[in-house]
Amino acid sequence: MRGLSALRQGVNYCRALQLRAPTKNSYLWFTSTHKRNYTKDSPPTLRERFQSPEEYARFTEGVSGLMGREDFTSPDRIKQLVDDVIISGNQIVRDISLLPQGSPHALQLMDDLSNLLCDAVDPCEFLRQIHPDRRVQAASLQVCQELHSYMQTLNVNIDLYNSMKWLTESNEFETLPEDSQRTAKNLLLDFDQSGIDLPDELRNKVVKILESIEELRIKFEQGLQHVGSSVTVNSSDIHGGLPHGRDSMQIGVSPDILGNLLPLAKSRSLRKEIFEKAFVAPKSHSANLRALLQKRADLAKLVGYPSYGAKALENTMVRSPTAALEYLDTLQQALEPELIQEVKLLQNNASLTNSEFETSDIFPYDRSYLQRKAMQRLFSNSSGDIQDYFTVGNCMEGIKLLGETLFSLRIVAATHMQGEVWDPSVVKLEVYDQVTRELLGVVYCDLFARPNKNLGAAKYTLRSGRVVHPLPETDEPKYQVPIVAMVCGFQRDKFATSLNFSEAEMLFHEMGHVFHSILARTRYQTIAGTRSSLDFAEFPSTLMEHFLRDYRVASKFAIHPVTGETLPKEIFEREINAKFLFSAFNTREVAIFAKADLLMHGANPFSNGVDTTDLLQMAQKDFEVKHVSETNIPIQLGFGHLSGYASSYYSYLWCNGLASLVWKQCFEKDPWDTEIGNRFRHKVLAHGDGRNPWHMIEDMLGFSPTPKDLATALVSQMRHAKATSHSSLQNPVV
């Protein structure tokens with residue numbers, strides 16, 4: 001069920017359940033009635049906090065935790081969560097079973113149950129990937145697996161199903177608010193998708209398959225760490241030579257470093273070797289991926305769907321894999337003129353770069369190398385580096401300024417208490433409403449790389465917001481303050497950690513997810529913030545990237561840490577040109593993976609003896625471009641989104657179109673418009689999944705866009721951004 005089967009998105013408050021009480025330092029005690037007196041507080045600026053986070057930390061080596069909760073202070077305490085949750089969960093199930101048929105109170109109790117589970121699993125999902133102590137990671141993984149198994153038994157519980165079925169069939173149902181109706185229907189659909197109507201034997205089979213899927217998903221994620229091999233490289237083979245003046249060295253290559261290494265490799269043969277070695281993987285990794293996809297297909301058929309994609313996309317904006325594929329086809333047609341131009345640019349620079357390209361098509365291992373050459377020619381006379389201005393502290397100041405101006409927020413750096421964080425580099429932010437002074441949310445920022453940490457950028461929900469109905473019932477309902485963690489893997493610098501443009505975009509993107517989570521004010525935690533379909537959840541985060549790409553925004557926060565100089569417009573425009581110079585090519589690559597993802601989750605994905613590499617090549621063929629060749633290298637083995645974004649990777653391109661359209665219509669004229677910003681906050685962010693996303697988009701645009709509108713907006717944005725750069729590259733100078 002949503003919040004039960006979609007557990008990795010949720011979190012806290014146990015409403016009179018028998019979990020241990022939190023400590024007084026814990027934000028579990030905070031509701032939206034907590035206020036702050038700004039006039040008496042003089043917190044350090046975000047620049048100061050993110051430049052030297054340890055200076056402001058209250059952290060004792062070896063003493064760590066999460067949110068000040070005692071049950072996350074040691075591996076043994078973490079493991080005890082399983083029994084606590086199951087005992088309390090079973091009590092809620094009994095309470096639901098005793099309710100009169102059609103009682104609306106069942107919906108609140110269902111949310112309590114979901115909240116209870118999320119209160120344990122979501123923090124553990126976070127800790128297993130982020131905590132520096134391997135023992136804590138292992139204990140957290142164990143809790144995730146055991147509670148996931150418990151959750152699957154709830155997904156086929158007849159009493160829970162009947163409570164929602166009777167409610168949706170009752171005369172009172174149509175009088176409930178829209179968010180209550182959507183929540184009940186969502187839960188009912190999740191029961192149906194879990195095979196609730198099947199005979200007992202088949203329902204038990206569904207539970208076993210779901211447990212296998214979760215086990216294989218985790219194995220696939222863990223296997224990504226072992227994809228890659230090593231290559232021996234000579235200094236003369238690399239532009240700029242090797243580190244420390246070495247003549248030769250063996251370099252470990254993997255999918256995540258190709259973007260840094262391939263542009264520097266001088267010869268095509270070396271680039272090809274690097275590319276091939278980067279996707280070398282144990283046979284077990286490929287087998288786990290195939291088994292994961294097959295189990296998903298088996299599950300879909302067992303519960304009455306033609307494919308896993310049909311099951312996963314039923315409750316999304318596109319509604320079906322067919323519609324998602326049609327959008328990709330529409331986008332491909334819109335991209336074609338831009339792709340033709342970009343291929344010509346690559347060919348022009350290839351002929352001037354190396355005789356290897358005179359008669360050959362451009363292969364995947366050539367693209368980043370040729371793109372780098374093209375950019376060097378375009379910007380050969382440019383000086384200055386945007387990284388000198390895009391420090392982590394500056395970017396966080398920019399995000400703060402946007403939040404305060406657009407959404408009427410107050411964002412302050414707070415000192416965390418003992419046992420509240422897991423590393424001294426973590427910075428805690430508190431977000432308040434400027435008018436009411438109410439605490440809206442807490443954000444733990446874990447932005448810097450360290451050993452044993454998953455370095456992928458992500459927003460983790462540690463506790464979702466929801467309306468809390470305290471006991472006794474005569475008390476006023478309060479709002480449970482959401483708590484999230486924003487995680488990145490930036491390499492620290494002793495003076496000021498600098499970011500390139502892509503890293504800054506990543507930071508703004510994740511902060512878009514944070515705003516979505518903490519500004520939602522939904523009745524139920526199962527629909528709070530980013531707990532919506534992925535093809536809507538990625539929309540606010542993608543929209544945040546557009547603000548970074550506007551000089552009117554960047555110039556307000558991007559200052560040189562030594563000279564105090566504001567980021568020069570020439571340097572900024574150069575970065576925008578560089579970003580969009582080959583944007584159609586890069587969009588095509590995302591579209592290929594999106595289509596491959598849909599094919600891998602289609603009906604009978606492995607019929608006629610095909611494997612995942614064959615399915616990837618089918619997608620590549622559908623996006624064929626003249627003079628561009630692909631390989632049979634199994635690059636899908638490094639495609640981590642097959643774990644959590646099953647059949648939903650198209651969402652990035654869909655939401656890119658949504659964001660481009662909303663930016664153009666609403667924010668492009670004035671990115672600091674408080675009125676429009678607050679309209680976005682209250683018409684979109686506040687609702688989470690409590691309203692139909694199409695209605696929320698229509699509230700912003702004044703009309704309901706078509707998929708073609710989205711594709712056109714996406715391509716128009718890139719065409720506008722790179723208009724000046726193409727003319728400069730038509731006749732490159734050697």
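These figures come from a predicted structure and were not determined experimentally.
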Given the rule in the salt bridge (charged side-chain N to carboxylate O under 4.0 Å, His left out) test, do Arg128 and Glu125 qualify, once you have shown the distances and angles that lead to the verdict?
CA-CA 5 Å; Arg128 81 173 181 87; Glu125 179 70 17; 3.0 Å; yes

Going through the distances and angles, do Asp200 and Arg203 end up as a salt bridge (charged side-chain N to carboxylate O under 4.0 Å, His left out)?
CA-CA 5 Å; Asp200 289 347; Arg203 279 209 309 272; 2.6 Å; yes

How are the rings of His601 and Tyr308 set relative to one another: parallel (under 30°), tilted (30 to 60°) or perpendicular (over 60°)?
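His601 and Tyr308: tilted rings.
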
Under the salt bridge (charged side-chain N to carboxylate O under 4.0 Å, His left out) rule, what do Glu221 and Arg217 come out as? Steps first, then yes or no, please.
CA-CA 6 Å; Glu221 284 184 2; Arg217 185 189 68 81; 2.6 Å; yes

Checking side chain to side chain contact (heavy atoms under 4.5 Å, CB included) against Tyr460, which of Val484, Asp446, Val487 comes through?
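The single option meeting the side chain to side chain contact (heavy atoms under 4.5 Å, CB included) with Tyr460 is Val487.
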
Backbone N or O of [Y] within a donor-acceptor pair of the [X] side chain at under 3.5 Å?
| X | Y | value |
| --- | --- | --- |
| Ser194 | Ile196 | no |
| Gln152 | Glu211 | no |
| Thr168 | Lys165 | yes |
| Thr183 | Asp179 | yes |

Run the side chain to side chain contact (heavy atoms under 4.5 Å, CB included) check on Tyr524 and Ser180 step by step: do they pass?
CA-CA 8 Å; Tyr524 309 106; Ser180 295; 2.9 Å; yes

Verdict with reasoning, Glu214 to Gln145, per side chain to side chain contact (heavy atoms under 4.5 Å, CB included):
CA-CA 8 Å; Glu214 181 65 8; Gln145 291 174 324; 5.6 Å; no

Side chain to side chain contact (heavy atoms under 4.5 Å, CB included) evaluation trace for Val514 with Glu510:
CA-CA 6 Å; Val514 169; Glu510 296 307 327; 5.7 Å; no

Electrostatic pair Lys295-Asp298, nearest N-O below 4.0 angstrom:
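No, Lys295 and Asp298 are not salt-bridged.
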
For Asp597 and Tyr645, work out which heavy atoms get closest and say how close.
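For Asp597 versus Tyr645, the nearest heavy atoms are OD2-O, 3.4 Å.
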
Nearest atoms (heavy-atom pairs only) where Val85 meets Leu116:
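Result for this residue pair: O-CD2, 3.6 Å.
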
